[in-house]
Amino acid sequence: MKLVLLLVVLGTISAEVQDLSRKMFTFPQSSNTAHVKLNPAKLDYNAVTVCHRSVTDLKRDHAIFSSSTPSHDNGIVTYWHNGNQELQPHIRDARVEYGGWDYKLNRWHSICTTWDSENGLVQIWVNGIPSIRKFIISGAITQTSKIVLGQDQDTFGGGFDVNQSFVGMITDVHMWDYTLSSCDIQNYMSEMTFPPGNVLNWKTLDFEIVGNVLIEDRPACYPASIFLG
Ligand SMILES: *[C@@H]1O[C@H](CO)[C@@H](O)[C@H](O)[C@H]1NC(C)=O
């Protein structure tokens with residue numbers, strides 16, 4: 001009983017491994033506290049692919065995916081810069097800007113980011129459309145990572161800014177320690193068969209909810225294409 005009370009006081013609802021197929025995290029309000037911690041199966045990466053589907057009506061900056069290390073707050077980040085209308089992947093505190101996307105409010109967006117530490121090239125895919133490939137930074141990620149949904153980490157595991165928090169729903173988060181082929185990315189985008197993430201796998205997700213974040217069923221009766229951007 002005391003333990004339950006303590007968990008309620010700390011705002012911690014769950015810490016567990018779950019199959020979240022057909023489910024989503026709902027982030028119902030702005031805050032500098034509510035988030036989901038994701039525990040990765042691996043901690044050093046020579047290459048990375050991160051994929052997620054999300055929907056929001058925020059008309060301000062927000063982070064969709066935030067992974068930090070002790071020396072790089074923006075270890076691996078998917079960030080929407082609203083002023084510039086750009087998706088900005090960050091790797092080890094380096095950043096590139098990608099504009100020209102139809103990042104509509106109230107529509108689901110499937111976004112994948114790939115990065116190869118050998119040649120330092122990053123690429124994003126938005127609703128099936130690949131960006132150009134740009135140099136961001138080379139050199140592997142070798143430190144322990146803290147991965148968060150719902151907030152942007154400005155310190156290792158914290159430093160949340162209410163004005164960069166995510167409000168909306170996120171589903172189908174996967175992360176790999178290699179660059180996924182274009183065919184596998186297209187299969188992810190169109191909800192076909194793809195190799196599940198070997199770092200983060202939505203079907204065996206090891207996570208912990210802090211504050212007001214809900215696990216809900218994805219609506220069963222949206223138009224079939226709603227999750228396809
Ligand atoms: C968040 O943005 C609002 C509106 O622009 C501003 O008034 C407020 O000071 C900001 N809060 C923080 C913590 O930056």
Side-chain angles (χ1 to χ4, degrees), residues 6-15 24-40 50 52-111 113 122 124 126-127 131 136-137 141 143-171 173 175 200 207-216 229:
L6 180 66
L7 291 177
V8 169
V9 168
L10 293 175
T12 300
I13 298 169
S14 64
M24 61 189 185
F25 289 126
T26 298
F27 300 85
Q29 63 189 112
S30 290
S31 78
N32 64 357
T33 51
H35 63 284
V36 182
K37 295 180 196 172
L38 305 182
N39 297 318
V50 175
H52 38 72
R53 267 184 258 287
S54 59
V55 58
T56 184
D57 68 350
L58 288 170
K59 296 191 203 75
R60 58 162 172 77
D61 288 18
H62 51 273
I64 307 170
F65 181 95
S66 168
S67 175
S68 72
T69 65
S71 48
H72 298 291
D73 303 339
N74 295 318
I76 305 165
V77 179
T78 314
Y79 192 82
W80 173 252
H81 190 294
N82 201 61
N84 294 349
Q85 293 283 297
E86 286 170 350
L87 275 167
Q88 300 181 341
H90 296 64
I91 304 284
R92 289 178 43 228
D93 286 344
R95 182 187 79 204
V96 299
E97 295 93 16
Y98 283 119
W101 305 105
D102 201 6
Y103 188 73
K104 283 199 179 94
L105 307 183
N106 305 308
R107 293 300 302 263
W108 284 88
H109 299 293
S110 303
I111 300 173
T113 304
V122 71
I124 64 170
V126 183
N127 303 328
S131 73
I136 183 164
I137 195 168
I141 293 175
Q143 291 178 312
T144 180
S145 297
K146 289 195 176 177
I147 304 180
V148 162
L149 301 177
Q151 298 286 344
D152 182 57
Q153 302 176 74
D154 287 334
T155 64
F156 183 49
F160 302 149
D161 176 350
V162 63
N163 288 330
Q164 297 176 346
S165 66
F166 182 84
V167 180
M169 289 90 89
I170 298 179
T171 188
V173 181
M175 178 171 167
L200 297 172
F207 68 97
E208 185 179 336
I209 289 177
V210 179
N212 193 11
V213 184
L214 297 87
I215 301 169
E216 298 194 290

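Counting convention: from 1, in listed order, for ligands and their atoms alike.
- Thr56 and His62 share no donor-acceptor pair across their side chains, judged by distance under 3.5 Å alone.
- Less than 4.0 angstrom separates atom 11 (N) of ligand 1 from at least one non-hydrogen atom of the protein.
- Of the protein's heavy atoms, Val162 CG1, 4.0 Å lies nearest to atom 13 (C) of ligand 1.
- Formation of a donor-acceptor pair under 3.5 Å by the Glu97 side chain with backbone atoms of Asn84 is not found in this model.
- Taking 4.5 Å as the limit, every side-chain heavy atom of Trp80 sits out of range of all side-chain heavy atoms of Gln88.
- Ranking protein heavy atoms by distance to atom 8 (C) of ligand 1, first place goes to Asn163 ND2, 3.8 Å.
- The line from CG of Leu58 to CZ of Phe166 is 7.0 Å long, rounded to the nearest 0.5 Å.
- In this structure, atom 4 (C) of ligand 1 has no protein heavy-atom contact shorter than 4.0 Å.
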